[in-house]
Amino acid sequence: MDETLTNGQQGWFGRLLDWRKEHVSERSFLLMLALLVGFFAAVAAFILHGIINQIAILLTSSFDTTNANWLFLVYPVIGIYLTSLFVRHIVKDNISHGITRILYAISARQSRLKGHNCWSSVIASAITIGFGGSVGAEAPIVLTGSAIGSNLGQMFKLDNKTMMMLVGCGAAGAIAGIFKAPIAGLVFTLEVLMIDLTMASLLPILVSCVTATCFTYIFSGSTALFTFHLDSDWTVQRVPATILLGICCGLISLYFIRTMTACENMFAHFKDRPYIKLALGGAVLSTLIFLFPSLFGEGYHNINLLLNGKTEADWDKILENSLFYGNGSMLIPYVALVLFTKVFATSATNGGGGCGGTFAPSLFIGCFGGFLFARVWNMYELGLYLPEKNFALLGMAGVMSGVMHAPLTGIFLIAEITGGYDLFMPLMIASVCSYLTIIIFEPHSIYGMRLARQGKLITHHTDHAILTLMSLDSVVDRDYTPVAPDMDLGMIVNKISRSRNSILPVLDAAGNLLGEIDIRRIRHVVFRIELYHHFKAYQLMSETPATLSDNESMTDVMKTFERTHADWLPVLDSDNHLRGYISRQRMYGMYRKMVADMSRE
């Protein structure tokens, strides 16, 4: 950041940094930054939802709700196209999978996010969702909040641990601001971003959450994102149905994750052909929205319809703008088809070039799934009557818990955003059952599964977290002294006198590693001058105990050292060229230091 400042700016900013270090403690300064992050996250969330609502009103306010609208075939394609142009020509960077990018930044980039992430996701997702993209605004806002925290940390030259905390504050503030749910923001950061709950981390995250929530109330009033009024008290007799709903939510979550992954892999084949992606994604998305208008945008309007309906006429409003309008007998097939196709609409939106997250789609699918479960249960009289609106609410918590592998987030978010604390017990049952079901099939959330396969996912396991945070590049020693295979012992001794290490790599003319000379193993000939011209390097070298690749995870590096008992191991690139050596002593020293830093309050 200093490179972008003029000499005068560097001077006053440097003096400001010095004054801050002298007069403001690190803890107090972190709380100040947490407050700033919470404020900016609330502003970003307010701006994004304002833009989305204005675009949607402008485009759809004149629609005839009693008929299908052909413009549903056009608007989503325009939105994806405009978003892809914005990303390709202005941002010039990948801004999809917002929460996954935060996890990657924490694990592999010392919690550093790029400056454009403070605004690019807001604009891109506003265009996508406003024009009907079937994705959510939450992940882009979470990325925005985290980027604000990261860039503030970079500006004030804070250490990696504090940077991670500010990234967590940004994510927590974003969730708290979007949903007016401070507790949900806190537990989201702990469960999804894997920020450990300590006294050092709790207070800044809470400050960010409370600040974001308060300013969101100031900006948008006291109305909740979803309205919900409990009509029928929960009873113990409904426990079996609630458990069954939780299991169903876990299976729906599995369908969501697996189908989303398969669709993403399909679109990845056209990575270098954006117009084919646009044509394919746009065709799928616009067709689905034309058939099922409930898929248009985030879908929060339809969630509110299901949560607040009391009569068949109320719930039949779901069929507005569709070919099914006026045919109430098609409500159940319609809800089932929307539930089934939502994941394809979300995948087509992002795959075609749009920008958005899976947070809102998981709420949407959960609401429709819970409503469908209760309606089918009541139709066939499988047991005690189940209030559809209550089970729509429970379904939201269940699917969110399964997709995100975050049962606490599902419980507290749904309770806070709807005021549904009277259903706290069934929320817990549905969320936990969903989570226990999904982990049988998928050990990681939809956000973490990509990084977990690469060994780059932070977890609450301290040892694994430290190894994930450690970068192989930081422990590679590139100051090695190579020798040629035909170099005689006399020249090797000369090389030894200038080497800092006990290992001399033997490289051919192309730079490929042939073997290594361990100085300790040739002590019996080093001091015999008469042998200096009798031995060549290839006669004195031995095979390396093992080699490491330059993209290997530190967990695998540690296992290799334990298996070989070596003191030094070479690191090779993909062309078998030597990049350097890793010392066991240096690696364990860095590991112990990071454990101490992580454990320090």
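Model, not experiment: these values are computed from the prediction. Start at 1 with the first residue, then count along the sequence.
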Exercise. Heavy-atom distance under 4.5 Å between the side chains of L307 and M396, does that happen here?
Worked result: yes
Exercise. What's the shortest heavy-atom distance between A171 and V142, and which atoms?
Worked result: CB-CG1, 3.7 Å
Exercise. Checking side chain to side chain contact (heavy atoms under 4.5 Å, CB included) for the pair L186/F412: CA distance, chi angles, key distance, verdict?
Worked result: CA-CA 10 Å; L186 171 66; F412 283 103; over 6 Å; no
Seminar exercise, completed: CZ of R375 to OH of Y380, rounded to nearest 0.5 Å, is 12.0 Å
Exercise. Run the side chain to side chain contact (heavy atoms under 4.5 Å, CB included) check on V239 and T242 step by step: do they pass?
Worked result: CA-CA 5 Å; V239 168; T242 307; 5.5 Å; no
Problem set entry | Straight-line distance of N390 CG to E388 CD, nearest 0.5 Å | 9.5 Å
Exercise. Can any side-chain N or O of S208 pair as donor or acceptor with the backbone N or O of C169 at less than 3.5 Å?
Worked result: yes
Problem set entry | Evaluation steps, side chain to side chain contact (heavy atoms under 4.5 Å, CB included), between E298 and H49 | CA-CA 11 Å; E298 294 174 293; H49 278 291; 3.5 Å; yes
For this session: Would you please indicate if the ring centroids of Y255 and F340 are separated by under 6.0 Å?
Result: yes
Exercise. Side-chain contact, heavy-atom cut-off 4.5 Å: I95 with H116?
Worked result: yes
For this session: Without swapping roles, check the side chain of R101 against the backbone of N94 for a donor-acceptor pair under 3.5 Å.
Result: yes
Exercise. If only atom types and distance count, is the side chain of E191 paired as donor or acceptor with the main-chain N or O of T409 below 3.5 Å?
Worked result: yes
Exercise. Any side-chain heavy atom of D316 within less than 4.5 Å of one from Y325?
Worked result: no
Problem set entry | Side chain proximity check, W234 to L394, heavy atoms < 4.5 angstrom | no
For this session: Over all heavy atoms of both residues, which pair between G133 and T349 is shortest? Give the atoms and the distance, please.
Result: CA-CG2, 3.7 Å
For this session: With sequence neighbours excluded, give me every salt bridge (charged side-chain N to carboxylate O under 4.0 Å, His left out) pair touching residues 244-262.
Result: R258-E442
Problem set entry | Parallel, tilted or perpendicular, as decided by the 30° and 60° cut-offs, for the rings of F131 and Y75 | perpendicular
For this session: Mind checking the OG1-CZ spacing from T211 to F39? Nearest 0.5 Å is all I need.
Result: 10.5 Å
Exercise. Has K342 got its NZ or CZ under 6.0 Å from the middle of the six-membered ring of F368, at an angle within 45 degrees of the ring axis?
Worked result: no
Exercise. Are Y334 and S294 linked by a side-chain donor-acceptor pair shorter than 3.5 Å?
Worked result: yes
Seminar exercise, completed: Value for OG (S120) from NZ (K114), rounded to nearest 0.5 Å, stands at 10.0 Å
For this session: Any ring pair (Phe, Tyr, Trp, His ring centres under 6.0 Å) involving residues 383-409? Give me the pairs, sequence neighbours left out, ordered by first then second residue.
Result: H405-Y435
For this session: For the residue pair L285 and V77, establish whether any side-chain heavy-atom pair is separated by less than 4.5 Å.
Result: no
Exercise. Are side-chain N/O atoms of T128 and T83 paired as donor and acceptor at under 3.5 Å?
Worked result: yes
Exercise. If you look at every heavy atom in W315 and L306, which pair is closest and at what distance?
Worked result: NE1-O, 3.5 Å
Exercise. What closest approach, in Å, do G354 and I80 show between heavy atoms, and which atom pair accounts for it?
Worked result: N-CG2, 3.8 Å
For this session: Decide yes or no for I411 and F424: does some side-chain heavy atom of the first lie under 4.5 Å from some side-chain heavy atom of the second?
Result: yes
Exercise. Are F179 and F188 close enough that their ring centers fall under 6.0 Å?
Worked result: no
For this session: Look only at the side chain of S362 and the backbone of M400, and say whether a donor-acceptor pair between them is shorter than 3.5 Å.
Result: no
Exercise. Rounded to the nearest 0.5 Å, what separation is found between the CE atom of M379 and the CG atom of L372?
Worked result: 9.5 Å
Exercise. So with a 6.0 Å cut-off around CE of M266, is the heavy-atom count from everything else above 12?
Worked result: yes
For this session: Please lay out, stage by stage, how T346 and F364 fare under the test side chain to side chain contact (heavy atoms under 4.5 Å, CB included).
Result: CA-CA 11 Å; T346 300; F364 181 92; over 6 Å; no
For this session: Mind listing the closest non-hydrogen atom pair of N117 and A147 along with its distance?
Result: CB-CB, 3.4 Å
For this session: Measure from the side-chain N and O atoms of T213 to the backbone N and O of C209, and report whether any donor-acceptor pair falls under 3.5 Å.
Result: yes
Exercise. Where the side chain of D314 meets the backbone of T311, is there a donor-acceptor pair that is under 3.5 Å apart?
Worked result: yes
Exercise. Is the shortest heavy-atom distance from the side chain of F267 to the side chain of N350 under 4.5 Å?
Worked result: no
Exercise. Would you say N308's side chain and T227's backbone share a donor-acceptor pair under 3.5 angstrom?
Worked result: yes
Problem set entry | L36 CG to L31 CG distance, which is reported to the nearest 0.5 Å | 11.5 Å
Exercise. Are F256 and V399 side-chain neighbours, meaning at least one heavy-atom pair lies under 4.5 Å?
Worked result: no
Problem set entry | Candidate pair F46 and F215, rule ring pair (Phe, Tyr, Trp, His ring centres under 6.0 Å), full reasoning | CA-CA 9 Å; F46 177 72; F215 276 100; over 10 Å; no
Exercise. What pair of heavy atoms forms the shortest contact from L427 to A397, and how long is it?
Worked result: CD2-CB, 3.6 Å
